[in-house]
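Below, read A as the first sequence line, B as the second, and so on, with proteins coming before strands; counting in each chain starts at 1.
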2 protein chains.
Amino acid sequence: MTPLNHALLGLIRAHPRSGYALLKVFETTPMGSYSSSPGSIYPALRSLEKAGLVDVRDPRDARGKGLYHITAAGRAALEQWMSAPIVDLDEALLRFAFLPEDDGPAIRAFLDAFEAAADAQASGLAAFLASDAATGMTAKSRIAVEHGRCRLTASAGWARAAKRHFSDE
Amino acid sequence: MTPLNHALLGLIRAHPRSGYALLKVFETTPMGSYSSSPGSIYPALRSLEKAGLVDVRDPRDARGKGLYHITAAGRAALEQWMSAPIVDLDEALLRFAFLPEDDGPAIRAFLDAFEAAADAQASGLAAFLASDAATGMTAKSRIAVEHGRCRLTASAGWARAAKRHFSDE
DNA sequence: CCAACCATGTAAGCTGTTACATGATTGA
DNA sequence: TCAATCATGTAACAGCTTACATGGTTGG
């Protein structure tokens, strides 16, 4: 399962959609970073279908293919992916977007884990910068690594702000 | 030319290295995000060699392959890549690390461009969030986009801080 | 002498990119 | 009627990942 597959599965679970409608999501929103063109989306939908995670139903009319629906197996696969430990923050962010809208505790737990992961990664870079390996590098290389640390700190800060947002509702 | 190719070329320009030494750079520094294993690095070195951007010389002894040196064509290719407009910030960061150590004006110009690109991308996300498309999305999706904006703002902030660092030297 | 590391590769498989191709429908 | 958009694909190609394979050398 690639990130694109997960993105498609999550969108389809939110509500059934045609391949074209899914294509448009990637073309018109920042989700576009997960794909680019029909050449990746249609084959990915095929693979989801072949894996039994989605099925196609409700052809609107003679020409259209119909709407992709998520199957029970698809739900299970998505659930498993959603509950895996956070390693990659970008992937985690995709999972965040697919979290159930109303489950406050789950959202807060996820944000806690996200913040912890971002902090841990930031600490990892800080440790690297303090190590022998870093002192041998050029000044610019170290500052480039600093950039990574800044971004991770920003990610952790975002998680804290988001938690505040979801605590008073 | 893939990011990995550029990373290799930049490292080799800094000073000649063996394939194994390059491998170790990716294994032991945050540059690892550009690669992972011999399975990508050795073929990439081959392609650089075939393209005439590097050549192999100075075999240390009978068994070793020797050291990769950058060629005139390699220098030219790197130069062209370095002076292209900034589109992708991660790629730009790699370029930053390869900027000549002593050329203050070039560094400052680059950081100006980097900051402008980060600000522009952040504005793009802000515009999206203010658009009709965003109002139709779920709250969590909007907050996920916010994360992207936070990170871009952090990137711009990093560039400003780096400029201060390079102005008093 | 044996494990760890130096040093270099190959091969299968999967994914994504780019570009091309097709045909129906809708609005001006 | 003609362009744009809806809607769905195919095919070539390049690249990365994973896993496997091969030998030499060094330190304990």
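- Using a 4.0 Å cut-off, no side-chain N or O of B:Y20 falls inside it from OP1 or OP2 of C:dT8.
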CA sep, side-chain torsions, deciding dist, call: A:R75, A:E79, salt bridge (charged side-chain N to carboxylate O under 4.0 Å, His left out): CA-CA 6 Å; A:R75 261 173 225 285; A:E79 222 57 62; over 6 Å; no
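- Between B:L78 and B:L53, every side-chain heavy-atom pair lies at or beyond the 4.5 Å cut-off.
- At its two ends the helix from C:dC1-D:dG28 to C:dA28-D:dT1 runs along axes set 30° apart, each axis drawn from five pairs and the angle rounded to 10°.
- What separates CD of A:E27 from P of C:dT17 is a distance of 13 Å, to the nearest Å.
- Using a 4.5 Å heavy-atom cutoff, the side chains of A:L111 and A:I107 are in contact.
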Please write out each protein N/O paired with an N/O of nucleotides 10-19 of chain D under 3.5 Å, distance rounded to 0.1 Å.
from, atom 1, to, atom 2, distance (Å)
D:dT17, OP2, B:S36, OG, 2.6

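- Taking 4.5 Å as the limit, some side-chain heavy atom of A:I41 sits within range of a side-chain heavy atom of A:L45.
- The side-chain hydrogen bond (donor to acceptor under 3.5 Å, both in side chains) test applied to A:E115 returns A:R160, A:K163, not counting sequence neighbours.
- When rounded to the nearest whole Å, the span between NZ of A:K24 and C1' of D:dT5 equals 8 Å.
- Nearest heavy atoms, B:I86 versus B:A117: CG2-CB, 3.7 Å.
- Under the side-chain hydrogen bond (donor to acceptor under 3.5 Å, both in side chains) criterion, B:S33 pairs with no residue at all, not counting sequence neighbours.
- Per the geometry, CD1 belonging to A:I41 stands 15 Å off C1' belonging to D:dC6, to the nearest Å.
- Counting only residues at least two apart or in different chains, ring-ring contact (aromatic ring centres under 6.0 Å, His included) contacts with residues 14-53 of chain B are absent.
- Rounded to whole Å, atom P of C:dA7 lies 14 Å from atom CG of B:L45.
- Protein atom CD of A:E49 is 12 Å distant from nucleotide atom P of D:dT8, rounded to whole Å.
- Between B:Y68 atom OH and C:dA7 atom P the separation is 13 Å, expressed in whole Å.
- As a whole-Å value, the separation of A:F26 CZ from C:dG16 C1' is 13 Å.
- In this structure, the NZ atom of A:K50 is 10 Å from the P atom of C:dT15, given to the nearest Å.
- Sorted by first and then second residue, the ring-ring contact (aromatic ring centres under 6.0 Å, His included) pairs with a member in residues 67-104 of chain B read B:H6-B:W81, B:F96-B:W158; sequence neighbours excluded.
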